[in-house]
Amino acid sequence: MRLYDPKEIEEKWQKVWEDENLFHVGEDAGKQKYYLLEMFPYPSGRIHMGHVRNYSIGDVIARYKRMKGYNVLHPMGWDAFGMPAENAAIQHGTQPAVWTYDNIAYMKTQLKRLGFGYDWARELATCDVEYYGWEQWVFLKMYEKGLVYRKNAPVNYCKLCSTVLANEQVEDGRCWRCGEEVVQNELTQWFFAITKYADELYEYANKLPGWPERVLNMQKNWIGKSHGVEVDFPLERGGLLRIFTTRPDTLYGVTFMVLAPEHELATELAHATPYEKEVLSFVQKARSQDRSFRLELSGSKEGVFTGAYAINPLTNQRVPIYVSNFVLAEYGTGAIMSVPAHDQRDFEFAKAYGLPIVVTIMPEVGAEDKVIDAASMEAAYEGDGIMVNSGPFNGRQNREAIPEIIAYLEGRGIGKGRVNYRLRDWGISRQRYWGAPIPIIYCESCGVVPVPYKDLPVKLPLDLQIKMVGKSPLSDYPAFYRVNCPTCGREARRETDTMDTFVESSWYFLRYACPGYDQAPLDRKRVDYWMPVDQYIGGIEHAVLHLLYSRFFNRVMHELGFVSVKEPFANLLTQGMVIKDGAKMSKSKGNVVDPDYLIQRYGADTARLFCLFASPPEKDLDWNDKGVEGCYRFLQRVWRLVIERVDTLKETLPTIEQDSASVENKEMSRLVHMMHKTIKKVTEDAERFHLNTAIASIMELVNAIYKFVEVERNDGELRLLKGVIEHLIVILSPFCPHITEELWQAVGNKGYVIDHPWPAYNEAYVQEERVTVAVQVNGKLRDTCEVERDLDETALKQVVLSLEKVKKHLENREIRKVIVIPNKLVNIVCDTN
RNA sequence: GCGAGAGUGGCGGAAUUGGCAGACGCACUGGACUUAGGAUCCAGCGGUUUACGCCGUAGGGGUUCAAAUCCCCUCUCUCGCACCA
């Protein structure tokens, strides 16, 4: 008998798929499209198990949908700009471009060896000038529309990476990539005006039913929409101090004001007063601390009095103005009103500096058992209640009064309702080489001059030596930055920063729809055929980064007229990590499993099968070498099942339609039932991505077939066997495409299994003719019995009551009622004496 | 602290709607075949009990004829956010 040799058959079919161009797709108005996308990889050198898992899940869905009759777009490409290329260049003296394209070439062979069905004709690498050139084009359009601007601002800077980071790329005060502590630097940077879409990005998060709640919450959290009011507090010495608050219902309880150290009034108010010296030294100290350090001081709120007072516009009382490190300059107006009675932070500050506390909200009677009192309270009361000490609003429920208070403020011209966002604009300048050059020229006489469209692309030079220095390598390379001003022709200087690589990954999914298009970044007709992505699959780690940027960028492309849809990803699946020995697989932990080794030892089908079978896609996958063996064993079992009787099967005409006439005995009807049940289960599980249980049910079918072939079978039975085996091959094929293609051919089929339509199941056969009914007495299982399906209740009761075990449990007891769940369960409720 | 999710055999995990808890696989145990078994096949495999049975889905309470599933309380873990006024 021929042995299962994965290496041989996998190479064979991969070549056939490639030669026959089987996964190439075009737009076809006659078919329903399905765009399936997995997050593209960074070409780091080799793929890891996380990729294998991600792409295996995607490949199953793509193949399944294709067999279902969809026109499936399943592309692959490379997120090819980024720092590792530069670091490798410094370490090994290579060129980032060479390093990157070499890695791409190798990783592509790895993906091919896993048998993923991509349309390679659409492959792109973001470091291709054909790609980033169009990105520069979009940058210029955004510049024209005011969606890109340049400003001097304190930015997050990672010393180790020698570059600036966006807010989203700072985690716990550390660099998302290398973990180095992030410091604040003042630099002139380019920003994308993502905050212009803050509200839309927030609100549409409620219109994405196909996304995990968790991701949407993280995004909403990040955007941080809050409703409140801006209030102008007159300064005693003239002028106004504007603050933002979400709690106008506590305005009557304001006892002081606090400014961020960066607030322009901070030093101004103290100017020429006895407080000036102290304020100046405090502000200087605070400014020298970087943001993460200031945040670490949580709990220790420090501040100084400016010597100035503001007037509470509702009470006309004068309240002192402080400067403190706990107020953020970037949020709201950089100044706050402080209500120590009802805000814990203000309370702590008031206690530390001996400031008065005025209670304006009392807990409602019954809601809290104590009446709060300014003198004795030990923490702020942040809950709701009835307003007191609040002039015309006394006695009102605080939440209900808020809209009226806002109207009251607006009517008197002292405040205005306002929505505030936590989201900041996206800083995209990076002082690195291996990225897309920002298409801008600085001219001493003309200022900031965009590169004319006709001069695009601004090509990244490939022939420079990369040295680790604290500034962009390009700024050391005159051949790049020396340029003549496009406006006046005089000598000028190119921007030497490059774009954040998250810009490239924000629109690659659009470009897949029209690869190679050279008239514009995108070909709207084709983009509209394919967009939105029907199913996006990737890691949770991009919940706010890539996924938020892409939603923003797609909106920009929408406004530029390149795509109709506003939201790029209709459905999102976030797959879990691959864990081994209790930790994420990583080189430093020494717990990596090399995909090449797996393919070499067991074959791609086994590698895929294990990744899919070991746990449901959203959960973390616990790597288990023995589990891999189990999957290999299963495939050998399938192989033997077919190959051991391949000659017979080849000669037998399959019974594809299992009508009742061809079913001669109980074992046949049992097999027919198993087959239809399995098709149904796999179909439903594929639709909801429960791929592990889909595989489990296929295993059950295989077990049932083995049971069926234990004895010699007649012609009719063999015809059924062949039909069932063919169905088995078809439904296993999305998971393990090579072995199934081989077996499909071995049993005598001409075409490819991938071209075979997904089988339908017949509900009539999904149900068995005889069913096992659980029999309970007072809710406890006492026996089971096999009866005809849909047996009427009276007959069923009769059968059940005649069971010996049941009789025993009913002795001397009176039956109160009998509950019957058809074909499932009978529960006899009786006295319990 | 706030928000979200989870807790089921020795392990990974099943259980679309409240209806036989533990599918499928791993590990383990016994057996068959064998020169051999790390191959294959068969049987067993939540705990406890000689057995009938009793107990069992983090713990406690509740609703129900019936709860892993619904409700309340407690504990533990994971993730995200965290002076955002």
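Below, read A as the first sequence line, B as the second, and so on, with proteins coming before strands; counting in each chain starts at 1. Just so it is clear, the values below take in all heavy atoms, side chains as well, and ignore hydrogens, waters and symmetry mates.
A search for ring pair (Phe, Tyr, Trp, His ring centres under 6.0 Å) contacts involving H546(A) returns Y536(A), H542(A), not counting sequence neighbours.
Toward the 5′ end of RNA chain B lies the nearest nucleotide of H690(A), the other residue of the pair H690(A) and Y706(A) mapping further downstream. In terms of position on RNA chain B, the residue among R637(A) and M337(A) whose nearest nucleotide sits closer to the 5' end is R637(A).
For the pair R633(A) and C26(B), the criterion of a side-chain N or O lying under 4.0 Å from OP1 or OP2 is met. Proximity of S226(A) to the phosphate of A85(B): a side-chain N or O atom is located under 4.0 Å from OP1 or OP2. Dashed line: the shortest gap from a side-chain N or O of R640(A) to OP1 or OP2 of C41(B) is under 4.0 Å. Put simply, N692(A) has a side-chain N or O that comes within less than 4.0 Å of OP1 or OP2 on A14(B). Considering only side-chain N and O atoms, K780(A) lies under 4.0 angstrom from the phosphate OP1 or OP2 of C55(B). Under 4.0 angstrom from either OP1 or OP2 of G25(B) there lies at least one side-chain N or O belonging to N703(A).
The ring-ring contact (aromatic ring centres under 6.0 Å, His included) test with F610(A) singles out one residue from W623(A), Y632(A), Y602(A), and that residue is W623(A). A side-chain contact (heavy atoms from CB on, under 4.5 Å) with V323(A) holds for exactly one of L265(A), V258(A), V304(A); it is V304(A).
Comparing the C1' positions of A66(B) and U49(B) gives a spacing of 27 Å, expressed to the nearest Å. For the C1' atoms, the distance from A14(B) to U57(B) is 12 Å, rounded to whole Å. A gap of 16 Å separates the P atoms of C28(B) and G37(B), to the nearest Å. On the C1' atoms, U16(B) is 26 Å away from U78(B), given to the nearest whole Å. Annotation: A21(B) and G46(B) have their C1' atoms spaced 10 Å apart (nearest Å). For the C1' atom pair drawn from G25(B) and U34(B), the interatomic distance equals 27 Å after rounding to whole Å. Look at the P atom in both U63(B) and A68(B): the space between them is 16 Å, to the nearest Å. Going from the P atom of G1(B) to that of G12(B) covers 29 Å, rounded to whole Å.
One side chain, N206(A) or K220(A), offers a donor N or O that lies under 3.5 Å from an acceptor on the other.
Figure legend. G5(B) is base-paired to C77(B); pairs are counted as Watson-Crick or G-U wobble with both atom distances under 3.5 Å. Within the shown strands, nothing qualifies as a pairing partner of C83(B) under the Watson-Crick or G-U definition with both distances less than 3.5 Å. Remark: A36(B) base-pairs with no nucleotide in the shown strands. Criterion, Watson-Crick or G-U wobble with two distances under 3.5 Å. Across all strands shown, C20(B) remains unpaired; no Watson-Crick or G-U wobble contact has both distances below 3.5 Å. A 3.5 Å limit on both hydrogen-bonding distances identifies no Watson-Crick or G-U partner for C52(B). Base pairing annotation: A27(B) forms no Watson-Crick or G-U wobble pair, as no partner gives both donor-acceptor distances under 3.5 Å.
Both tests hold for K301(A) against F326(A): distance to the six-membered ring centre under 6.0 Å, angle to the ring axis within 45°. Relative to the six-membered ring of F708(A), R713(A) meets both conditions, a distance below 6.0 Å and an angle of at most 45° to the axis.
Across G12(B), C52(B), C20(B), the shortest atom-to-atom separation from the side chain of A614(A) is found for G12(B). In this structure, of G25(B), C81(B), A85(B), it is C81(B) that holds the atom nearest to the side chain of N221(A). The side chain of L781(A) sits closest to A21(B) out of A21(B), C52(B), C79(B). Proximity note for A696(A) (side chain, C-beta onward) versus A85(B), G12(B), C24(B): the nearest is C24(B).
With a glycosidic angle no further than 90° from 0, G9(B) counts as syn.
Between E230(A) atom CD and A85(B) atom P the separation is 13 Å, expressed in whole Å. In this entry the distance linking CG of L825(A) with P of A15(B) reads 20 Å, nearest Å. In this structure, CD1 of I361(A) is placed 16 Å from P of A85(B), rounded to the nearest angstrom. With rounding to whole Å, D249(A) atom CG is found 12 Å from A85(B) atom C1'. Straight-line distance from the CD atom of Q219(A) to the P atom of A4(B): 17 Å, rounded to whole Å. Here the P atom of nucleotide C2(B) and the CH2 atom of W222(A) are 22 Å apart, to the nearest Å. A23(B) atom P lies 18 Å from atom CD1 of I695(A), rounded to whole Å. Rounded to an integer number of Å, the gap from K626(A) NZ to G38(B) P is 11 Å.
Among the heavy atoms of the strands lying under 4.0 Å from T772(A) is at least one base atom, whether or not backbone atoms are also near. Nucleic acid contact class of G630(A) (heavy atoms, under 4.0 Å, all strands): sugar-phosphate only. Using a 4.0 Å heavy-atom cutoff across all strands shown, T245(A) reaches sugar-phosphate atoms only and no base atom. Note on N827(A): a base of the nucleic acid sits closer than 4.0 angstrom, heavy atoms only. Contacts of R422(A) with the nucleic acid, taken as non-hydrogen atoms under 4.0 Å apart, include base atoms. Within the nucleic acid shown, D346(A) has no heavy atom closer than 4.0 Å to any nucleic acid atom. Nucleic acid contact class of E629(A) (heavy atoms, under 4.0 Å, all strands): none. Counting any heavy atom pair closer than 4.0 Å across all strands shown, N420(A) reaches no nucleic acid atom.
In the interface, the side chain of R688(A) is paired with the base of U16(B) through a donor and an acceptor atom under 3.5 Å apart. Evaluation of atom-type donor-acceptor distances gives a pair under 3.5 Å for the side chain of K301(A) against the base of C83(B).
Salt-bridge formation is detected for the pair E302(A)/K285(A): a Lys NZ or Arg NE/NH1/NH2 atom is positioned less than 4.0 Å from an Asp or Glu carboxylate oxygen.
You'll find the side chain of I414(A) reaches within 4.5 Å of the side chain of L314(A), heavy atoms only.
Centroid-to-centroid, the aromatic rings of F349(A) and F256(A) come within less than 6.0 Å.
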